[in-house]
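Heads up: the structure comes next, in structure tokens.
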Protein chains: 2
Amino acid sequence: MSHQEQHFAEKIRAQGYRLTPQRQLVLDALCAMGGHATAGEVFEQVSPQMPALNQATVYRTLEFLVELRMVARSDITGQTVYEIVGEQPHYHLVCRRCEHVYEMAADQLTDLADWLLAEHGFRADLDHLIITGVCAHCQTPTTS
Amino acid sequence: MSHQEQHFAEKIRAQGYRLTPQRQLVLDALCAMGGHATAGEVFEQVSPQMPALNQATVYRTLEFLVELRMVARSDITGQTVYEIVGEQPHYHLVCRRCEHVYEMAADQLTDLADWLLAEHGFRADLDHLIITGVCAHCQTPTTS
DNA sequence: TTTGTTATTGCAAATTTTCGCATCAAGCGG
DNA sequence: CCGCTTGATGCGAAAATTTGCAATAACAAA
Ligand SMILES: [Mn+2]
Ligand SMILES: [Mn+2]
Ligand SMILES: [Zn+2]
Ligand SMILES: [Zn+2]
């Protein structure tokens with residue numbers, strides 16, 4: 001069990017929840033895949049390790065981990081994807097033309113977060129924001 | 001047919017698509033409901049007007065309108081909701097404690113949009129961004 | 001107005017996601 | 001180490017969403 005996984009285990013128990021082998025597996029899978037993964041992909045990754053594990057459990061576990069904020073759920077061009085919330089908060093620029101997904105460090109979002117807190121007392125979770133638009137490559141050359 | 005609906009009709013035909021009664025109805029429904037609506041809610045609103053209209057058509061139509069950027073699709077606490085893209089771009093602050101959805105004018109996002117364009121050539125669609133976090137009311141009083 | 005092209009719809013089947021409930025087992029107290 | 005308590009899982013059914021395809025109808029052209 002890695003350092004991070006140890007941390008996860010403690011965090012789950014600290015909240016009064018149980019650390020089950022199913023939850024460990026899903027967590028491991030997400031770590032191993034190391035990026036955005038759909039529920040189906042997680043299930044396929046995990047299934048060989050524990051064939052009895054039910055698909056409903058994967059859905060519930062992912063939801064559970066999102067609730068605990070150990071996993072971020074995002075909608076990218078209509079697909080629901082999950083990702084471990086790591087040390088590095090980041091956001092994504094998603095091009096609606098070429099569907100490319102760019103990853104950016106969250107630095108530029110802190111201004112916005114600070115402003116939201118100061119102005120509205122709203123403490124924003126900016127650890128995984130999705131912004132859609134058109135990337136540099138996909139803009140029509142003859143931009144007026 | 002209202003002014004805005006007229007505009008929609010033209011926009012659909014301008015792109016070479018067809019304006020069908022089903023599409024008009026869905027558009028009308030979204031205008032009438034005037035906020036965020038799930039696919040199911042749209043179907044229920046529209047169904048009495050045209051009982052033959054199939055649920056699959058509602059899903060496809062909403063998708064179609066999103067593609068044309070006449071409708072914004074957003075994920076709010078796990079629910080997929082649709083809304084007419086009006087004149088006023090706005091974003092929402094969604095509290096993960098009380099689930100309340102606040103609506104804000106998009107002014108504060110223009111800085112971010114400008115920066116993304118200048119720095120990365122990315123033209124962001126900031127007409128309907130969802131930001132989750134904890135609202136002022138729901139923060140623990142004893143914040144260290 | 002009539003006709004032809006083909007985008008769009010309705011329908012049914014396939015997939016995906018959610019839910020209720022009986023059973024199981026993680027973690028605690030003894 | 002051994003039971004309790006109750007949160008979590010497996011399972012099957014229900015609900016939601018997507019997809020393939022033949023039939024329909026929008027609308028451009030004649
Ligand atoms: Mn990410
Ligand atoms: Mn909105
Ligand atoms: Zn692009
Ligand atoms: Zn709140």
Side-chain angles (χ1 to χ4, degrees), chain A residues 1 5-6 8-29 36-68 70-71 73-82, chain B residues 1 5-6 8-29 36-68 70-71 73-82:
Chain A
M1 182 182 277
E5 284 158 352
Q6 184 63 49
F8 288 154
E10 283 164 16
K11 184 159 183 179
I12 288 176
R13 289 216 187 81
Q15 313 246 358
Y17 299 110
R18 297 177 185 174
L19 182 63
T20 65
Q22 290 88 343
R23 285 176 179 171
Q24 293 187 59
L25 266 182
V26 168
L27 232 19
D28 287 352
H36 301 159
T38 65
E41 288 164 351
V42 171
F43 178 71
E44 289 195 0
Q45 170 89 13
V46 151
S47 204
Q49 322 272 334
M50 188 188 283
L53 193 155
N54 196 275
Q55 195 142 12
T57 301
V58 172
Y59 282 107
R60 280 185 293 221
T61 300
L62 288 170
E63 214 46 52
F64 168 80
L65 295 171
V66 168
E67 214 72 49
L68 265 70
M70 300 168 63
V71 166
R73 174 185 56 224
S74 310
D75 185 305
I76 296 187
T77 60
Q79 283 245 307
T80 301
V81 295
Y82 300 85
Chain B
M1 183 181 279
E5 285 158 351
Q6 184 63 49
F8 287 154
E10 283 164 17
K11 184 160 183 178
I12 288 176
R13 290 217 186 80
Q15 314 245 358
Y17 298 111
R18 296 176 185 175
L19 182 64
T20 66
Q22 289 88 341
R23 285 176 179 171
Q24 291 187 59
L25 266 181
V26 168
L27 232 18
D28 286 353
H36 301 159
T38 65
E41 287 164 350
V42 171
F43 178 70
E44 289 195 1
Q45 170 89 13
V46 151
S47 203
Q49 322 273 335
M50 187 188 284
L53 193 157
N54 195 276
Q55 196 142 11
T57 301
V58 172
Y59 283 107
R60 280 187 291 223
T61 300
L62 288 170
E63 216 45 52
F64 168 81
L65 295 172
V66 167
E67 213 73 49
L68 264 69
M70 299 167 65
V71 166
R73 175 186 54 223
S74 310
D75 185 303
I76 296 187
T77 60
Q79 283 245 306
T80 301
V81 295
Y82 300 86

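A, B, ... follow the sequence lines: proteins, then strands. Residue 1 opens every chain.
Rounded to 10°, the angle separating the first-five-pair axis and the last-five-pair axis of the helix from dT1(C)-dA30(D) to dG30(C)-dC1(D) equals 30°.
Of the listed nucleotides (dA8(D), dC11(C), dA26(D)), dA26(D) has the atom at the smallest distance from the side chain of T20(B).
Remark: Q22(A) is in phosphate contact with dG10(D), judged by side-chain N or O atoms under 4.0 Å from OP1 or OP2.
Of the inter-residue distances, the one linking Q79(B) atom CD with E41(B) atom CD reads 7.0 Å to the nearest 0.5 angstrom. Remark: L25(B) CG to T57(B) OG1 distance equals 11.5 Å, nearest 0.5 Å.
To the nearest angstrom, C1' of dT9(C) lies 14 Å from CD of Q55(B). Atom CZ of R13(A) is separated from atom P of dA8(D) by 12 Å (rounded to the nearest Å).
With sequence neighbours excluded, the residues that form a side-chain hydrogen bond (donor to acceptor under 3.5 Å, both in side chains) with R73(A) are E63(A). Every residue two or more places apart in sequence or in another chain that forms a side-chain contact (heavy atoms from CB on, under 4.5 Å) with F64(A) is listed here: I12(A), Y17(A), R23(A), L68(A). Taking Q45(B) as the reference, A29(B), A32(B), M33(B) meet the side-chain contact (heavy atoms from CB on, under 4.5 Å) condition, with sequence neighbours excluded. Partners of S74(B) by side-chain hydrogen bond (donor to acceptor under 3.5 Å, both in side chains), not counting sequence neighbours, listed by chain and number: H128(B).
Place A39(A) and L53(B) on DNA chain C by their nearest nucleotides, and L53(B) ends up nearer the 5' end. Comparing T80(B) and Y17(B) by the nucleotide of DNA chain D that holds the closest heavy atom to each, the one mapping nearer the 5' end is T80(B). Each of G16(B) and G78(B) was matched to the nucleotide of DNA chain C holding its nearest heavy atom; the match closer to the 5' end belongs to G16(B).
Residues of residues 57-67 of chain B having a heavy atom closer than 4.0 Å to DNA chain C, listed by number: T57(B), R60(B).
Counting non-hydrogen atoms under 4.0 angstrom, A52(B) reaches the backbone sugars and phosphates but no base.
For dG27(C), the base has no donor-acceptor partner in the side chain of R18(A) [N/O atoms by modelled type, under 3.5 angstrom].
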